[in-house]
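Below, chain A is the first sequence line, B the second, and so on; all start at residue 1.
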There are 2 protein chains.
Amino acid sequence: MYQGTEAAVGPAAEICERIWLSIAERRLRPGTRLKEEQLAEVFEVSRARVRQALAMLESDGLVTILPNRGAFVAEPGVHEARDVFHFRRQVEARVLERLTDSIDETAIPRLEAHLALEREADAKGDKTAIIRLSGGFHLLLAELSGSTFLVSMLRDLISRSTLIATMYRRQVDHNCGPDEHAALIEAIRASDLAEAVRLMDDHLCHVEDELDLTEAVSVLRDLREALV
Amino acid sequence: MYQGTEAAVGPAAEICERIWLSIAERRLRPGTRLKEEQLAEVFEVSRARVRQALAMLESDGLVTILPNRGAFVAEPGVHEARDVFHFRRQVEARVLERLTDSIDETAIPRLEAHLALEREADAKGDKTAIIRLSGGFHLLLAELSGSTFLVSMLRDLISRSTLIATMYRRQVDHNCGPDEHAALIEAIRASDLAEAVRLMDDHLCHVEDELDLTEAVSVLRDLREALV
DNA sequence: CCCAACATGATTGTCGACATTTTTGTTGTC
DNA sequence: GACAACAAAAATGTCGACAATCATGTTGGG
C-alpha cells in the first residue's frame with residue numbers, strides 16, 4: 001500500500017508498510033511508544049532508516065513525534081476522525097470525476113486484476129492481504145486518475161482512516177468485501193459518475209457508520225495530553 | 001509560516017521557510033535544481049539538515065525528489081493546480097465551519113493582531129513579510145479551529161498554492177491585501193458561516209482567476225518528464 | 001514521611017566520513 | 001566526423017559514533 005501499487009519507492013517505504021499493517025491489524029495499539037532502536041532491531045535496518053520511516057509516518061498522521069521524547073502511534077480525536085472521512089469522500093469523488101471523464105483503456109483491466117487479487121485473498125482468508133489490497137484498490141483508482149497530487153492526498157487519508165477504524169469501531173472486524181469494489185468498477189466502465197460517487201459514498205459510509213464517534217475519548221489520549 | 005504561527009518546531013522548519021519564501025518571491029523558479037551541498041553552504045547548516053528539510057518540502061509538494069538524482073523545485077501541472085484550489089476551498093470552508101460553530105474568546109483578538117501585522121507590512125511595502133503573513137493568516141484560522149489535521153492539510157495546500165501562483169499568474173504581483181481578511185474576521189465575529197464562506201471563496205477565486213490555467217505546460221516540465 | 005536536588009541510565013538528535021550512483025568529459029575506433 | 005565504451009568527477013545515499021536531552025532511581029535534608 002505504502003509503496004503504491006507500483007515499484008518500490010525506497011527501503012523506508014517497506015518499514016512504513018509493515019508498521020502500517022501492524023497498526024491495521026491491531027498489533028500496535030494507538031498510544032504505543034515506538035522506540036527507534038527497537039524497531040531497527042526488529043526490521044534489521046539501521047536506526048537512520050527507522051527515523052526516516054517514522055518521519056514519513058508522522059506526515060501521514062499515523063504516528064506522533066514529540067521532540068526528544070520519541071514516536072507514538074497516533075490517537076486521532078473524534079473531530080479529526082470526522083474530518084478525515086469528510087475529505088476522503090471529497091477526494092474519492094474527485095478521483096471518480098477524473099476517471100469517468102477521460103477513461104483509459106488499460107484502467108478497467110488493471111482494476112479487475114486488482115479485484116481478482118482481492119477475491120483470492122478473501123477466499124483464502126488472508127487477513128493481511130485483505131487489508132493491504134483493500135486500501136490498495138482506492139489508491140489504484142487515484143493512480144489511474146493520473147494525478148500524483150490526488151494519490152498523495154488519498155494515501156494520507158487512507159492511512160488515517162485505517163488508524164481511526166481501529167480506534168473507534170465497535171464490532172470486531174468487517175473489512176469491506178470486494179463486492180462493493182466490483183460495483184464501482186462497473187459504474188466506472190459505464191462512465192456513470194453519479195452512480196460511481198453514490199456507490200463510493202455508500203461504501204465509505206458503511207465503514208464510518210460502524211464507528212462509535214461519540215465524544216468518548218480514550219483514556220490514553222488524556223494521559224498523553226496531560227503530560228504534554 | 002512553516003513553523004506555524006507558534007513556537008518553532010525545529011531548525012529544519014527554518015530551512016523550509018526560507019526555501020518556501022525564495023520560491024514565493026520567484027527567486028527560485030520551478031524546475032531549479034537544489035543541490036544539497038550548495039544549500040548546506042548557503043544556510044550554514046549540515047547536509048543532513050538540508051536533506052531533512054527537502055524531505056519535508058517534498059511532502060508539501062514544493063520540491064520533487066528523484067532518487068539518486070537530486071531535488072528540484074516542483075512544477076505542478078494545470079490539473080494539479082485546479083485540484084489544489086478545489087480542495088483548498090473545501091478545507092478553508094471546513095475551518096470556517098468550526099470557527100463559527102464554537103467561537104473562542106481569544107480567537108478574534110489574535111486574528112486582529114495578525115491583521116495589524118499585515119497592515120503594517122502592507123504600509124511599509126515589506127514584500128517578504130506580506131507573503132509570510134498572508135499565508136499565515138489562513139494558517140492561523142486553521143489553528144484557531146483547534147484541529148491539527150486541518151492545520152497540516154491547509155499548510156500543504158497553501159504551500160502548493162504559492163508555487164502554483166508563481167507558475168501560472170500572468171500579472172506581475174498582486175498579493176491579496178489585508179482588506180479581504182478584515183471582512184472575513186467580521187463574518188467570523190458575527191458567527192455568519194454562509195457569509196464567511198462566501199467571502200473566503202471570493203478571496204480564493206480572486207487569486208485563481210488571475211492564473212492562466214490553460215493547457216500551456218512549461219517547457220522545462222516536458223524536459224524533465226522526458227528524462228525520467 | 002515527604003519532597004527536592006542530584007546522579008545515572010536510556011533514548012533521541014546531530015554530525016562527519018565512506019560507499020554508491022549518476023553525470024560528464026575523454027579517448028579510441030569505425 | 002559520429003558513436004560507443006570507458007574513466008574521472010560530482011552528487012546523493014548510508015552508516016556508525018558522539019553529543020544533547022529526557023526519564024528514572026537514589027540520596028540527603030527538612
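- Distance CD (A/E41) to P (C/dT12): 13 Å, rounded to an integer number of Å.
- Base contact: A/R47 has a heavy atom under 4.0 Å from a base atom.
- What separates NZ of A/K35 from P of D/dC22 is a distance of 17 Å, to the nearest Å.
- Here the P atom of nucleotide D/dT12 and the CD atom of B/Q52 are 16 Å apart, to the nearest Å.
- One interatomic measurement links the two molecules: CZ of B/R33 to C1' of D/dA11, which rounds to 6 Å at whole-angstrom precision.
- Counting only heavy atoms from C-beta on, A/R51 has its side chain closest to C/dT14 among D/dT12, C/dT14, D/dC22.
- Note on B/L34: only backbone sugar-phosphate atoms sit closer than 4.0 angstrom, heavy atoms only; bases stay farther off.
- Checking D/dC15, C/dC15, D/dG13 against the side-chain heavy atoms of A/S46 singles out D/dC15 as nearest.
- Distance CD (B/E44) to P (C/dC15): 13 Å, rounded to an integer number of Å.
- Of the listed nucleotides (C/dT22, C/dT14, C/dT12), C/dT22 has the atom at the smallest distance from the side chain of B/N68.
- Atom CD1 of A/I65 and atom P of C/dT12 are 10 Å apart (whole Å).
- Phosphate proximity of C/dT14 to B/R49: present, with a side-chain N or O under 4.0 Å from OP1 or OP2.
- Evaluated for a side chain to side chain contact (heavy atoms under 4.5 Å, CB included) with A/L99, the options A/I108, A/D104, A/L144 yield exactly one hit, A/L144.
- Closest contact between the side chain of B/E36 and the listed nucleotides D/dC22, D/dT12, C/dC15 involves D/dT12.
- We find that CZ of A/F72 is positioned 12 Å from P of C/dT11, with the value rounded to whole Å.
- Distances from the side chain of A/P11 to the nucleotides D/dT14, D/dT12, C/dC15 place D/dT14 closest.
- Atoms CG and CG, from B/D122 and B/L117 in turn, are 12.0 Å apart once rounded to the nearest 0.5 Å.
- B/S147 and B/R98 share no side-chain donor-acceptor pair at under 3.5 Å.
- Rounding to whole angstrom units, CG of residue A/L54 and C1' of C/dG13 are separated by 13 Å.
- The two residues B/A81 and B/Y168 have their closest heavy-atom pair at CB-CE1, 4.5 Å.
- Considering only side-chain atoms of B/R69, the nucleotide from C/dT14, C/dG13, C/dT22 that sits closest is C/dT22.
- Atom CG of B/L140 sits about 5.0 Å away from atom CG of B/L111, to the nearest 0.5 Å.
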